[in-house]
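Positions are given from 1, in the same order as the sequence printed here. Values below: all heavy atoms of this structure, side chains included; hydrogens, waters and symmetry mates excluded.
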Amino acid sequence: MSQIKTEDELILFEKEIKEFWTKFKSICGSEYANQTLGLRESCKESIKALSEKWSKKLKEGDLMIDKIQEYRNEILQQNICIEEKQENLTEINSKIKHEEEQNRDFIDRIKELKEELTRKKEIISAKNKATKERLERLNKSKELFEERLGLEIRRIFDEQLQFIFRCIDHKDPDKPFTFTLSINEQGDYEVTSSSPPLDCIAELQLKVRETNNFAAFIANIRKAFTALSYK
């Protein structure tokens, strides 16, 4: 009886031990599970918070990158615009330089033309002076020629002088023998016509240009007209 009781007590004790361990494990396991669950929830919250934070940071980074790219594009456009303006400025400067060179050429040309005009005026003035002096000499000789040679001198168009000889033809003393004289652009005597025509006019004209002896020129023409009247 005593041995059966002892075995029953052992069985009961073991049962109680098992129940204790079961309860202990249950309690410890529950607390551990709760702690783990709490830590898990805490980690989830932390991870969620970190995820939201980094997501926000990433969005801000993306916005920053977009903004930087936008600034880069703006800078690129500004650089392109600056390059175009520099090219335009270079072209404008080149045109201004070309126009300045043209203006200098125009000024030099105008200066040359003024100098040339001044020279021509001086030459014309000198020729006019010489022509005036010759006409004065002709006018002074007019009365002498008319008196001694039966010569009449008339001023006609284009500043020409017409010389009319009479008393040459012994058959008709009033018959006129004429020639027209002018002074050309070179300031030389030039016979423009004669009536009747004289074959020696060119020779006499060349001689008076060489000697400038106008009285001898008039006398020689009269002799030529006289010789012609006897033919």
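Note that the NZ atom of Lys175 and the CD1 atom of Ile168 stand 9.5 Å from one another [nearest 0.5 Å]. Once rounded to the nearest 0.5 Å, the distance linking SG of Cys200 with CD1 of Ile221 reads 7.5 Å. Taken to the nearest 0.5 Å, the CG atom of Asp172 stands 11.0 Å off from the OG atom of Ser229. The distance from the CG atom of Leu89 to the CD atom of Gln86 is 8.0 Å, given to the nearest 0.5 Å. Going from atom CG of Asp108 over to atom CG of Asn103 covers 10.5 Å, rounded to the nearest 0.5 Å. Atom CD1 of residue Ile80 and atom NZ of residue Lys85 lie 13.0 Å apart, to the nearest 0.5 angstrom.
Considering all non-hydrogen atoms of both residues, Pro197 and Ser194 come closest at CA-OG, 3.3 Å. Minimum heavy-atom separation, Leu204 to Phe217: O-CD1, 3.5 Å.
For the side chain to side chain donor-acceptor pair (under 3.5 Å) condition, the pairs that include at least one residue of residues 88-102, sequence neighbours left out, are His98-Gln102.
Residues passing the ring pair (Phe, Tyr, Trp, His ring centres under 6.0 Å) test with Tyr230, sequence neighbours excluded: His170. With sequence neighbours excluded, the residues that form a side chain to side chain donor-acceptor pair (under 3.5 Å) with Thr192 are Gln160.
Residues Ile183 and Ile201 share a hydrophobic cluster, clusters being chains of Ile/Leu/Val/Met/Phe/Trp/Tyr side chains in contact below 4.5 Å. Connection of Ile164 to Ile218 is not established within any shared hydrophobic cluster, with ILVMFWY side chains joined at heavy-atom distances below 4.5 Å, either directly or through further cluster members.
With a 6.0 Å radius and a threshold of 12 heavy atoms from other residues, nucleotides or ligands, Asp199 has its CG atom at or below the threshold. The 12-atom threshold is not exceeded at CD of Glu203, counting heavy atoms of other residues, nucleotides or ligands nearer than 6.0 Å.
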* **Chi angles and distances behind the side chain to side chain contact (heavy atoms under 4.5 Å, CB included) call for Leu181, Phe214** => CA-CA 11 Å; Leu181 185 70; Phe214 188 74; 3.3 Å; yes
* Check the pair Glu74 / Gln77 against side chain to side chain contact (heavy atoms under 4.5 Å, CB included), numbers first and verdict last. => CA-CA 5 Å; Glu74 289 180 0; Gln77 292 298 323; 5.7 Å; no
* **Pair Thr180-Leu161, side chain to side chain contact (heavy atoms under 4.5 Å, CB included): steps then yes or no** => CA-CA 6 Å; Thr180 304; Leu161 294 177; over 6 Å; no
* Asked: Is there a salt bridge (charged side-chain N to carboxylate O under 4.0 Å, His left out) between Glu122 and Lys120 once you walk through the steps?
  -> CA-CA 5 Å; Glu122 291 174 352; Lys120 288 184 177 180; over 6 Å; no
* Assess whether salt bridge (charged side-chain N to carboxylate O under 4.0 Å, His left out) is satisfied between Glu210 and Lys207, documenting all intermediate values. => CA-CA 5 Å; Glu210 293 174 351; Lys207 189 172 182 179; over 6 Å; no
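Looking at heavy atoms from C-beta onward, Phe163 lies out of side-chain contact with Thr178 at the 4.5 angstrom threshold. In this structure, Pro176 and Arg166 have side chains that are in contact, with non-hydrogen atoms separated by less than 4.5 Å. The closest side-chain heavy-atom distance from Gln162 to Ile153 is not below 4.5 Å. Lys114 is not listed as a side-chain neighbour of Lys111, based on a closest heavy-atom distance of 4.5 Å or more. At a threshold of 4.5 Å between non-hydrogen side-chain atoms, the residues Lys67 and Leu63 do not count as touching. The shortest side-chain heavy-atom distance between Glu116 and Arg119 falls under the 4.5 Å cut-off. The side-chain heavy atoms of Tyr189 and Leu206, taken from C-beta on, include no pair separated by under 4.5 Å.
Phe165 has its ring centre no less than 6.0 Å from the ring centre of Phe177.
When atom types are taken as modelled, the side chain of Thr211 and the backbone of Asn213 share a donor-acceptor pair closer than 3.5 angstrom. When atom types are taken as modelled, the side chain of Asn184 and the backbone of Asp188 share a donor-acceptor pair closer than 3.5 angstrom.
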